[in-house]
Amino acid sequence: MDITTLAVHAGERQAGGDFSTVSTPIHNSTTFFYPQFERLDRVAGGEEAGFMYSRYANPTVAALEQALLALETGGAPAGAVSFAYGSGMAAIHAAVLAAGLRQGDRVLCSTEVYGATTALLMNVVAPLGLQLDLARPTDPAAWQAALARRPRLVLVEAISNPLLRVLDLAAAVRDAHAAGAKLLVDATFASPILCRPLALGADYVVQSTTKFIAGHGDAMGGVVTAAETEAPALFALRKLAGGVLGPFEAWLTLRGLKTLPLRVERQCQSALRLARELERWPAIERVHYPGLPSHADHAIAAAQFQGRFGGVLSFELRGARREDVLAFMNRLRLCLGGTSLGDVQSLLLYPVMASHRDLSPAQRERTGIRENLVRLSVGLEDPADLLADLEQALAPAAPVANAAPVAATR
Ligand code: PLP
């Protein structure tokens with residue numbers, strides 16, 4: 001079945017009995033009971049499927065897990081499992097701990113991942129007695145040198161933030177496995193619509209469902225999808241660490257997920273249109289979007305994502321310093337200044353102020369994150385309206401003395 005059909009139906013109508021509900025209800029109950037105690041005993045012992053306590057499993061959360069599993073596996077879920085957690089970070093934490101690392105093991109993390117992921121590894125995981133290596137996958141020599149140190153786990157993102165570097169996922173799987181490591185792919189920026197890393201051999205795929213999957217800026221969540229053999233560890237981490245997703249958030253996410261393919265399709269189209277336009281504006285120094293031939297990873301993105309390039313782009317305001325960028329953001333009327341992404345609303349983030357705030361200017365310069373860079377997560381608004389908003393916010397800034405007015409040049 002097509003992913004659009006799966007998104008609408010997968011996980012639904014599990015209620016049983018002589019009726020079913022069109023929409024999965026919010027099972028807002030901590031505890032579940034059965035007419036006969038023997039049955040609860042069998043559920044508790046794992047001899048019969050069922051629900052007992054919502055920290056272990058909850059029917060609404062289970063419906064979301066089935067839906068995500070269907071999307072991550074292209075409708076062929078046999079041999080794989082999905083487990084939901086209270087946030088994307090909780091999902092990453094669970095996946096890292098599920099990898100069965102022992103004291104002294106090495107973990108290799110890409111430098112091109114979400115800052116909190118690196119902070120989690122540095123501040124929470126490494127102190128447990130693990131060796132953390134950081135390297136840039138886009139620097140093949142550095143990456144291979146780090147792999148040669150034989151990590152047990154490698155963490156990467158399918159599309160990086162905020163420069164939208166695209167990883168060759170098949171090669172990442174091959175390299176990690178050749179080094180004897182498991183590979184964790186955070187595919188949040190791509191969503192299951194652009195790629196399905198599990199099919200390429202990744203060991204853990206993480207989605208912060210807070211982003212594209214829920215898509216409406218109203219529900220936190222995270223999901224790990226992995227081979228069935230990982231189920232006991234992923235289940236135990238939820239049950240014992242307790243980072244559960246609430247049934248209401250699961251319901252909102254399941255609701256959002258139904259329109260995921262349509263939303264992402266549209267967001268990709270709009271982002272491409274915006275990127276092409278912005279690239280021609282004199283007030284914009286540079287646009288970073290894998291859909292543009294000028295992007296370093298255009299070819300791999302085109303091959304890997306079947307002609308889609310994602311709903312996020314970033315761009316540099318020509319000659320702008322921090323105060324110019326803030327003034328530009330203050331003038332925006334439609335694009336909201338917000339740290340998230342993947343929502344129906346367009347959200348603009350200033351990495352220097354938010355995601356990369358803790359880096360020194362020199363460190364930022366090395367990673368290519370300049371003071372004039374902003375990231376735009378394109379929502380479902382009409383792209384012409386978004387362009388008009390960007391144009392009116394840019395025009396008064398006129399950071400280059402002799403720049404022609406934007407309107408006259410496009
Ligand atoms: N992974 C990526 C790529 C992210 O951008 C984020 C958050 O921005 C996370 C994980 C963490 O997700 P959450 O905020 O749901 O914990």
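Numbering of ligands and ligand atoms starts at 1, following listing order.
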Dump all N/O pairs between ligand 1 and the protein below 3.5 Å as a table: atom names plus distance, one pair per row.
residue: ligand 1; atom: 1 (N); partner: Asp186; partner atom: OD2; Å: 2.6
residue: ligand 1; atom: 8 (O); partner: Lys211; partner atom: NZ; Å: 2.9
residue: ligand 1; atom: 12 (O); partner: Ser208; partner atom: OG; Å: 3.0
residue: ligand 1; atom: 15 (O); partner: Gly88; partner atom: N; Å: 2.9
residue: ligand 1; atom: 15 (O); partner: Ser208; partner atom: OG; Å: 2.8
residue: ligand 1; atom: 15 (O); partner: Thr210; partner atom: OG1; Å: 2.6
residue: ligand 1; atom: 16 (O); partner: Gly88; partner atom: N; Å: 3.0
residue: ligand 1; atom: 16 (O); partner: Met89; partner atom: N; Å: 2.9

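- For the pairing with Pro261, the side-chain contact (heavy atoms from CB on, under 4.5 Å) check across Asp2, Leu71, Ile3 returns one residue only, Ile3.
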Check: residues 240-247 side-chain donor-acceptor pairs under 3.5 Å, at least two apart:
none

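- Side-chain contact annotation: Ser191 with Gln207, donor-acceptor N/O pair under 3.5 Å absent.
- Scanning for salt bridge (charged side-chain N to carboxylate O under 4.0 Å, His left out) contacts around Asp297 gives Arg165, with sequence neighbours left out.
- Across every non-hydrogen atom of Arg266 and Asp382, the tightest pair is NH2-CA, 3.5 Å.
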Show me the donor-acceptor pairs, under 3.5 Å and distance only, between side chains in residues 248-256 and residues at least two apart or in other chains.
residue: Trp251; atom: NE1; partner: Thr24; partner atom: O; Å: 3.1
residue: Thr253; atom: OG1; partner: Glu249; partner atom: O; Å: 2.6

